[in-house]
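Read the structure below first, then the notes.
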2 protein chains.
Amino acid sequence: MKHPENHTPEPSCETDDHQGQLGNLLSEEACQQAATIFSVLGDPNRLRLLGLLVKQELCVTEIADALNDNLPAVSQRLKVLRSERIVSYRRQGKHVFYRLDDDHIVQLLQNGLAHAEHH
Amino acid sequence: MKHPENHTPEPSCETDDHQGQLGNLLSEEACQQAATIFSVLGDPNRLRLLGLLVKQELCVTEIADALNDNLPAVSQRLKVLRSERIVSYRRQGKHVFYRLDDDHIVQLLQNGLAHAEHH
DNA sequence: CAAACAGTTGCAAAAGTGATTGACTGATGA
DNA sequence: TCATCAGTCAATCACTTTTGCAACTGTTTG
């Protein structure tokens, strides 16, 4: 007696497959991982930071300056982004340069922004 | 004395435009909105729930049952998803049926999962 | 109208998150 | 080697979010 059997004449026939490889992909583990990534992107400060990196590679100081924020804060954010492989970095002398890890996440950002707009 | 001027010979020439309408889009407000959406998606429980809705429209009880979770919890999650227009709903008799608001967010989910996987 | 069912809401406890500050590491250059 | 600059790390605090439970609303059915 779990599923209500008397609710709707036609059982909500939206079973078309406007999904990609999605459907089954929502396994326990996939959800967990995807959720982590989404929540890392779910912060305006980190998003602003990524916005800068879309255009070019930058070192931490430059980022902090552009965002008008202090170094530890920025470094902290970069650490989080690093942990999810959203940004990668290289050291050059005293400086550490960060950039987006791949174009993949640019897409994600675009999608997110798109949804934000048309809403 | 803000931007370091001695850091790199060529100032990190990644200024190619593999961005869509992105670049400038990262305005204060756009960031804020996008961040909200991302963080709503940044929860494994909500993601699992959305996973169900990708395939079909479902009522709250069905969802709770499928997720093996209690009704108030599910209702609460749906409320959050509703607030960001990620799901829409219709009432039919005693039941309230939820579904994904548009195919747009399916894309978002796909992107998120894709990134989660190849990582 | 009363009973039963489907959902929602409110509230308090618990868990998670981000900002801040100060100390620490690593590289350069006098 | 010492001073300085670039960045990271760690600990604390404030704040937001989740969750779990009980009470409440709305709808159907007897």
Side-chain angles (χ1 to χ4, degrees), chain A residues 1-9 11-12 31-32 35-50 53 57-84 87-99, chain B residues 1-9 12 31-32 35-49 53 57-84 87-99:
Chain A
M1 57 233 26
K2 325 192 84 182
H3 295 270
E5 46 260 283
N6 59 333
H7 51 63
T8 173
S12 51
C31 277
Q32 186 58 59
T36 304
I37 287 157
F38 280 131
S39 70
V40 164
L41 294 179
D43 176 85
N45 293 312
R46 286 193 289 259
L47 234 40
R48 254 193 304 279
L49 195 163
L50 290 173
L53 295 185
E57 189 187 46
L58 290 171
C59 74
V60 187
T61 309
E62 287 171 325
I63 296 170
D65 185 53
L67 296 177
N68 219 39
D69 208 336
N70 62 72
L71 222 66
V74 171
S75 180
Q76 174 63 25
R77 280 168 209 147
L78 287 166
K79 181 183 183 176
V80 174
L81 293 169
R82 232 161 47 209
S83 78
E84 285 306 308
V87 297
S88 58
Y89 63 99
R90 67 184 174 92
R91 173 152 219 149
Q92 183 172 70
K94 303 197 238 182
H95 297 266
V96 179
F97 288 93
Y98 282 85
R99 61 178 153 177
Chain B
M1 54 220 49
K2 324 189 83 182
H3 295 272
E5 45 260 283
N6 58 333
H7 51 62
T8 172
S12 52
C31 276
Q32 186 58 59
T36 303
I37 286 157
F38 280 130
S39 70
V40 165
L41 295 180
D43 176 85
N45 294 312
R46 285 192 291 257
L47 234 39
R48 254 193 303 279
L49 195 161
L53 296 184
E57 189 186 45
L58 290 172
C59 74
V60 186
T61 308
E62 288 170 325
I63 296 171
D65 184 53
L67 296 176
N68 218 40
D69 208 337
N70 62 73
L71 222 66
V74 170
S75 180
Q76 175 62 27
R77 279 169 207 144
L78 286 166
K79 181 182 185 178
V80 174
L81 293 169
R82 231 161 47 210
S83 77
E84 285 307 306
V87 297
S88 58
Y89 64 99
R90 67 186 175 90
R91 173 153 218 148
Q92 183 171 72
K94 304 196 235 182
H95 296 266
V96 179
F97 289 92
Y98 282 85
R99 61 177 154 178

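Just so it is clear: chains get the letters A, B, ... in the order the sequence lines come, proteins before strands, and each one is counted from 1.
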With a 4.5 Å cut-off on side-chain heavy atoms, are B:E84 and B:V80 touching?
no
Using OP1 and OP2 only, check whether a side-chain N or O of A:Y89 sits under 4.0 Å from D:dA6.
no
How long is the line joining CG of B:N68 and C1' of D:dT19, in whole Å?
16 Å
Side-chain heavy atoms of B:R77 within contact of B:I63, under 4.5 Å
no
Minimum-distance nucleotide (side-chain atoms of B:R91 versus C:dT9, D:dT27, D:dT8)
D:dT27
Spacing between A:R90 atom CZ and D:dA6 atom P, to the nearest angstrom
16 Å
Non-hydrogen side-chain atoms of B:V87 and B:R82 separated by less than 4.5 Å
yes
Grab the CD-P distance between B:Q92 and D:dT27 for me, whole Å please.
14 Å
If you take all heavy atoms of A:L49 and A:L81, which pair is closest and at what distance?
CD2-CD1, 4.1 Å
Please figure out whether A:D43 or A:G93 has its closest DNA chain C nucleotide nearer the 5' end.
A:D43
If you check every side-chain atom of B:K94, which of C:dT8, D:dT27, C:dT20 has the closest atom?
D:dT27
Atom pair distance, as rounded to whole Å: CD in B:E62 and P in C:dC5:
17 Å
A:R91 side chain near A:V96 side chain, heavy-atom distance below 4.5 Å
yes
Which nucleotide in the list D:dT8, D:dT18, D:dA6 gets nearest to the side chain of B:R46?
D:dT18
Starting from P on C:dT8, measure out to CG on B:L71 and report it in whole angstrom.
8 Å
Measuring only between side-chain heavy atoms, which start at C-beta, is B:L78 closer than 4.5 Å to B:Y89?
no
Whole-Å distance, B:Q32 CD to C:dG18 C1', equals 14 Å
Do the side chains of B:L67 and B:N45 get nearer than 4.5 Å, heavy atoms only?
no
Send over the distance from A:L67 CG to C:dA19 P, rounded to a whole Å.
11 Å
Which residues within residues 74-81 of chain B lie with some heavy atom under 4.0 Å of an atom in DNA chain C?
B:S75, B:K79
Between atom CG in B:N45 and atom C1' in D:dG20, what is the gap in whole Å?
13 Å
Taking for each residue the nucleotide of DNA chain C bearing the nearest heavy atom, is the 5' side occupied by A:G42 or by A:P72?
A:G42
Can you see if the side chain of B:N70 gets near the phosphate of D:dT19 - specifically, an N or O under 4.0 Å from OP1 or OP2?
no
